[in-house]
Amino acid sequence: MLANDAERGGTRDASASQGAAQVVALCNQKGGVGKTTSTINLGAALAESGLRVLLVDLDPQGALSAGLGVPHHDLTVTVYDLLGRNAPSIDTVLVKSGVENMDLLPSNIDLSAAEIQLVNEVGREHALRRVLDPIRDRYDYILIDCQPSLSLLTVNALACADGVIIPMECEFFALRGLALLTDTMEKVQERLNPGLDLYGIVMTMFDPRLLHSRQVMTRVAEIFGDKLYKTVISRTVRFPDASIAGEPLTTWAPKSRGAEEYRALAREVLDQSRR
Ligand code: ADP
Ligand code: MG
C-alpha cells in the first residue's frame with residue numbers, strides 16, 4: 001500500500017485510466033472562490049501524472065480559457081455551439097491547453113445565450129451530457145468549471161457529473177448559500193442524475209497567519225467532516241500571476257507551494273476514485 005502511495009503522482013495510473021472518464025463539476029454559486037483556479041491546477045496536476053484530462057469552460061466569462069492563454073474572444077466555435085442544434089464536430093472546438101495530456105473546450109460570452117435557447121428544448125438539462133458522452137472514453141478526467149450561479153448551465157454540469165468538488169474561500173461568509181447548493185445537488189440527484197456524489201470541499205485562499213482563516217477551517221471541518229479534503233490551498237499572489245501568464249501554476253512555477261498543494265489535492269481525488 002505504502003509503496004503504491006509513493007508512486008502516485010509520478011506515474012500513469014493504470015487503474016484510473018481504463019474506461020470512461022470521471023466527470024467532475026467544480027461548483028459554487030459564489031464568485032471568486034477559486035473554481036477556475038482549481039479546475040486549471042487540479043487538471044494540470046492530474047495531467048502531469050500521465051492521466052488524460054479535459055477541462056470544460058462552462059462560464060460565459062471564459063476565465064478558464066483565458067487562464068490557459070486561449071484568446072477566447074476571437075473563437076468562432078465554442079462550447080456554446082456544441083450545446084445547440086446543428087452542433088459542429090467536437091474536434092473543431094477542442095483545443096490543446098499547452099499542458100501535455102490536457103485539452104480544453106473553451107467558451108466565451110456567446111455561452112450566455114445558451115441558457116435562453118436551452119429553456120425551450122426537450123431534455124434541456126442533458127445538453128452537456130449529450131456533448132460529453134461520446135468523448136468520455138478519450139479521457140480519464142473531465143473537469144467542468146461552472147459559472148457562479150445555480151443556472152441551467154450549472155444544472156447541466158451537475159446532471160452529467162459523477163462528482164462535485166466545491167471550492168470554498170477561507171472567509172467568514174464562505175458557508176453562506178451553501179445550503180442552496182447542496183439542495184440543488186439533491187434535487188439533481190433525485191430527478192436527473194442518481195449517481196451524483198459530493199466528492200469534497202476544498203478550502204482555498206487559506207492564510208495561516210489569520211486567526212479567522214483558522215476559525216473558518218475548524219467550523220467547516222466540524223460541519224463536513226471527512227467531506228473536507230485534507231489539502232488546503234494557501235492564499236498567494238502567484239495564482240493570479242500564473243493566470244495572467246496563461247498557464248497553470250504547476251507549469252509556471254512548478255516548485256511553488258501552490259503547485260504542490262494542487263498536486264496533493266490531485267492525489268486525494270485519485271485515491272477517491274479507487275475506493
Ligand atoms: P472563481 O472561478 O470561483 O470565480 P477564481 O479561481 O477565478 O474564482 O479566483 C478568483 C480570483 O482569486 C482570481 O483572480 C484568482 O487568480 C485568485 N485566486 C484564486 N485562488 C487563489 C489563491 N489560492 N490565492 C490567491 N489568489 C487566488
Ligand atoms: Mg470562475
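First listed ligand is number 1; within each ligand, the first listed atom is number 1.
Counting heavy atoms under 4.0 Å from ligand 1, residue Pro167 does not touch it at all.
Between Gly34 and ligand 1, at least one N/O pair is under 3.5 Å apart. Remark: ligand 1 and Lys35 share an N or O pair separated by less than 3.5 Å (distance only, no angle test). Note: no N/O pair closer than 3.5 Å links Arg235 and ligand 1 by distance alone. Between Thr37 and ligand 1, at least one pair of N/O atoms sits closer than 3.5 Å.
For Ala63, the heavy-atom gap to ligand 1 stays at 4.0 angstrom or more. Residue contacts with ligand 1 leave out Pro148, since none of its heavy atoms falls under 4.0 Å from the ligand. Under the 4.0 angstrom criterion for non-hydrogen atoms, Thr204 is not in contact with ligand 1.
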Might you work through the side-chain contact (heavy atoms from CB on, under 4.5 Å) test for Asp103 and Lys96, ending with a clear yes or no? CA-CA 5 Å; Asp103 294 342; Lys96 298 240 170 265; 3.6 Å; yes
Evaluate Met217 against Leu228 for side-chain contact (heavy atoms from CB on, under 4.5 Å), listing each step before the verdict. CA-CA 10 Å; Met217 278 304 304; Leu228 183 64; 4.1 Å; yes
Stepwise side-chain contact (heavy atoms from CB on, under 4.5 Å) test for Leu152 and Glu125: CA-CA 7 Å; Leu152 182 53; Glu125 292 95 350; 4.1 Å; yes
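The CD atom of Glu171 sits 9.0 Å away from atom OG1 of Thr204, with the distance rounded to the nearest 0.5 Å.
Contact between Gly43 and Val53 at its shortest, heavy atoms only, is O-CG2, 3.7 Å.
When only non-hydrogen protein atoms are considered, atom 25 (C) of ligand 1 lies nearest to Thr236 O, 3.0 Å.
Atom 11 (C) of ligand 1 lies below 4.0 Å from none of the non-hydrogen atoms of the protein.
Listed by number with element, the atoms of ligand 1 under 4.0 angstrom from any heavy atom of Pro240 are 16 (O), 26 (N). Taking every non-hydrogen atom of Val33 and a distance limit under 4.0 Å, the qualifying atoms of ligand 1 come out as 1 (P), 3 (O), 8 (O). The Ser234 neighbourhood of ligand 1 comprises atoms 22 (C), 23 (N), 24 (N), with distances under 4.0 Å to a heavy atom of that residue. Interface of Ile233 with ligand 1, defined as ligand atoms under 4.0 Å from a residue heavy atom, comprises 23 (N). Residue Gly32 approaches ligand 1 through these ligand atoms, each under 4.0 Å from one of its heavy atoms: 1 (P), 3 (O), 4 (O), 8 (O), 10 (C).
Comment: Arg263 engages Glu260 in a salt bridge, judged by a side-chain N to carboxylate O separation of less than 4.0 angstrom.
Side chains of Arg235 and Glu169 form a contact here, defined as non-hydrogen atoms less than 4.5 Å apart. Using a 4.5 Å heavy-atom cutoff, the side chains of Cys160 and Ile144 are in contact. Leu104 is listed as a side-chain neighbour of Val70, based on a closest heavy-atom distance under 4.5 Å.
Residue pairs meeting the side-chain hydrogen bond (donor to acceptor under 3.5 Å, both in side chains) criterion with at least one member in residues 182-200, sequence neighbours excluded, are Gln22-Tyr199.
Within the sub-2.8 Å shell of the Mg ion (ligand 2), the protein contributes these N/O/S atoms: Thr36 OG1.
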